[in-house]
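The structure appears below as structure tokens.
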Amino acid sequence: MKNHEIAKIFNEIAGLLEIKTDNPFRIRAYRRAALNIEGLTRNVEDLSEDELIEVPGVGKDLAAKIAEYIKTGNVAVHEELKKEIPQIVLDLESVPGLGPKTAMLLHEKLQIKSIDELAKLAEEHKLAGLPGIRGKTEESILKGIGMLRRSQERSPLGKVLPIAQDLVDQLRVKAPLTRIDIAGSLRRWKDTIKDIDILAMSDNPKEVMRVFVHLPHVKEVIMQGPTKSSVVIKEGLQVDLRVVAKESYGAALAYFTGSKEHNIRLREMAVKRGLTINEYGIFRVKDNTKLGGEKEEDTYRILDLQYVPPKMREDRGEIEAAIEGKLPKLVTVKDIKGDLHVHSKWSDGSHTFEQLVEASKEHGYSYFALTDHSQGLGVARGLTVERLAEQKREIDTLNKKLKNIRILHGTEVDIRSDGTLDFPDDVLQTLDLVVASIHSGFKQTKEQLTSRIVAAMKNPYVSIIAHPTGRLIGERDAYEVDMDEILKTAKETGTAMEINAYPLRLDLSDIYAKKAKELRIPIVISTDAHVTTQFNFMSYGVSIARRSWLEKEDVANTLEVRQLLKKLKPFHRT
DNA sequence: GCCGTTTTCGGCCCGACTGTTTTCAGTCG
């Protein structure tokens with residue numbers, strides 16, 4: 001699938017044009033096209049030129065560049081720009097606070113060859129004297145280099161959300177505010193997060209800012225103004241706090257939640273109607289009358305749009321759907337009737353069946369699937385055939401005693417390196433459902449990995465493929481698989497795909513989950529819980545589902561157990 | 001480079017903060 005490669009090239013072109021101070025709207029056009037191609041659920045290679053032009057932000061010119069890439073493997077404009085602008089300028093620009101202008105200036109005037117050299121020159125005060133640069137700028141460049149070196153990639157949602165919640169709790173106690181919300185990509189529950197955005201309502205913003213920059217978490221203050229401040233916390237993340245008054249809170253929350261691309265679309269719509277939107281409200285241009293802004297819903301209502309839930313605000317078609325009143329009714333945590341991927345003490349989990357039953361009841365479930373590991377997975381104390389049979393007897397006995405809840409007996413069967421399953425069919429046949437997944441041989445070729453999963457899906461007893469790309473956000477990249485091929489086979493075989501809610505996994509990701517929905521493949525949301533507290537991860541999985549536009553009907557484990565079993569393989573059971 | 005119930009050409013989202021400036025450019029979100 002070349003969507004990702006093309007998006008990357010368009011983004012690089014945008015970055016290079018930025019350095020050249022090219023037309024900013026042209027730059028934005030490349031970025032917008034990149035975003036939409038990345039989010040496309042169809043493969044660009046399968047699209048005709050007419051269909052390409054249908055993609056928002058892609059016109060005749062960019063459609064031709066996409067065709068060029070598919071045909072030749074590169075884009076001429078991109079190659080020429082790369083020749084014109086040396087890599088070092090892009091490297092310099094990656095320093096926070098250092099933009100295209102300064103990066104180009106440093107390259108042209110001082111022929112700087114590396115970030116290390118830049119740091120050395122800044123320390124020796126050899127930058128001062130260049131146009132617009134004096135002592136403070138040298139300091140801020142050094143700070144920026146420090147941040148660059150500390151800041152790893154984006155952090156997993158599951159790691160950042162608790163930190164943000166803690167900051168909000170502290171501010172609520174210590175600062176004079178009447179309301180506080182997490183905004184930004186955290187509010188959209190994006191799977192990875194770059195910084196934390198917080199919005200507060202207060203009549204005394206200065207005092208709020210004073211408290212904020214003195215919180216114990218804070219390591220460094222980047223900037224501090226009366227309505228907006230930014231700090232770096234000990235965990236290495238940047239935190240932005242914005243404070244506004246009650247009458248602007250909704251507009252500020254919308255502005256600060258983003259995404260930027262979503263907001264730009266709204267602002268463009270406003271302009272066409274003689275209106276303007278900023279973080280203080282929505283206004284009529286001719287007489288500057290404020291039409292709304294206290295509530296987030298105001299803007300959408302005034303633009304004749306359905307209210308767009310935060311998790312859908314990515315400019316991936318939600319605006320068009322909202323215009324037509326066709327936004328999906330998104331699945332919620334309350335819709336989930338049971339968890340279909342749960343481990344117990346029998347393998348590498350921590351809890352007994354009884355404890356898992358209790359936890360399931362507390363979550364309002366009417367069933368859960370016990371899916372301990374299979375024999376080959378020694379590290380996880382995988383079950384032998386004999387242990388699995390013994391487990392079945394215990395579960396049967398327990399199920400007879402249980403009321404209003406049922407344990408489904410399953411397994412998380414390992415898909416072995418050669419593509420065979422870790423239990424024979426006559427064993428799988430005894431189970432209520434079978435979850436299959438890969439735990440080894442991640443370094444195999446894309447073809448090998450894909451064919452292993454495809455082979456598993458063709459087995460009549462495999463109900464669900466779990467965490468199909470194997471990614472561990474921030475720890476291990478997704479292994480190479482041909483997801484189009486996998487989804488195609490899922491469709492053909494009726495195998496369900498899992499959205500694994502484990503915060504480091506979130507796998508399927510939002511883009512592929514959306515694609516699975518469009519193909520009408522059964523989807524389940526499961527936590528992969530190894531301890532009962534991890535049942536709470538369900539909200540992460542549901543957030544991915546919501547970002548993927550999934551409705552209740554798209555998610556199999558919103559069904560009661562009888563319908564669920566009819567929906568999942570094997571189809572012949574009663 | 002895209003796009004069109006005011007346009008096929010002329011628009012294109014908007015504001016806060018900083019540093020080096022005397023009115024603004026650069027950067028960020």
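Values reported hereafter were calculated over all heavy atoms of this structure, with side chains retained and with hydrogens, waters and symmetry mates removed. Quick note on labels: first sequence line is chain A, next is B, and so on, each numbered from 1.
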Review point. Quick one: which of B:dC13, B:dC12, B:dC2 gets closest to the side chain of A:I264?
Key: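 It is B:dC13.
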Check your understanding: Between B:dC12, B:dT18, B:dC14, which nucleotide has the shortest distance from any of its atoms to the side chain of A:M223?
Key ->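 The answer is B:dT18.
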Tell me whether the OP1 or OP2 atom of [N] has a side-chain N or O from [X] closer than 4.0 Å.
{"X": "A:K272", "N": "B:dT5", "result": "no"}
{"X": "A:T276", "N": "B:dC14", "result": "yes"}
{"X": "A:N263", "N": "B:dC13", "result": "no"}

**Study point:** 5'-most by nearest nucleotide on DNA chain B - A:P56 or A:N278
**Key:**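 Nearest nucleotide further toward 5': that of A:P56.
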Practice item. Using heavy atoms to find the nearest nucleotide of DNA chain B for A:Y280 and A:K65 separately, return the residue whose nucleotide is more 5′. Key: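 Comparing both residues, the 5'-ward one is A:K65.
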Check your understanding: Parallel under 30°, tilted from 30 to 60°, perpendicular over 60°: which one fits the rings of A:H262 and A:Y300?
Key ->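 Plane angle between 30° and 60°, so tilted.
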Point to revise | Residues A:D46, A:R42: salt bridge by 4.0 Å N-O rule | key: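 Salt bridge between A:D46 and A:R42, a charged N being under 4.0 Å from a carboxylate O: no.
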Point to revise | Salt bridge flag under 4.0 Å for residues A:R32 and A:E268 | key: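 So A:R32 does not pair with A:E268 through a salt bridge.
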Practice item. In whole angstrom, give the distance that lies between atom CG of A:D315 and atom P of B:dC3. Key: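 Distance, rounded to whole Å: 11 Å.
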Exercise for review: Using a heavy-atom cut-off of under 4.0 Å over every strand shown, decide if A:L62 touches base, sugar-phosphate, or nothing.
Suggested key: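 Counting heavy atoms under 4.0 Å across all strands, the contact made by A:L62 is with sugar-phosphate only.
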Check your understanding: How does protein reach along nucleotides 19-29 of chain B, written 5' to 3' as B (base within reach of a heavy atom under 4.0 Å), S (only sugar-phosphate), or - (no contact)?
Key -> SSS----SSSB
Practice item. To the nearest 0.5 Å, tell me how far A:M104 CE sits from A:H107 NE2. Key: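 Atom-to-atom, A:M104:CE and A:H107:NE2 are 5.0 Å apart.
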Exercise for review: State whether the side chain of A:D507 and the backbone N or O of A:N500 hold a donor-acceptor pair below 3.5 Å, judged by distance alone.
Suggested key: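 It does not hold such a pair.
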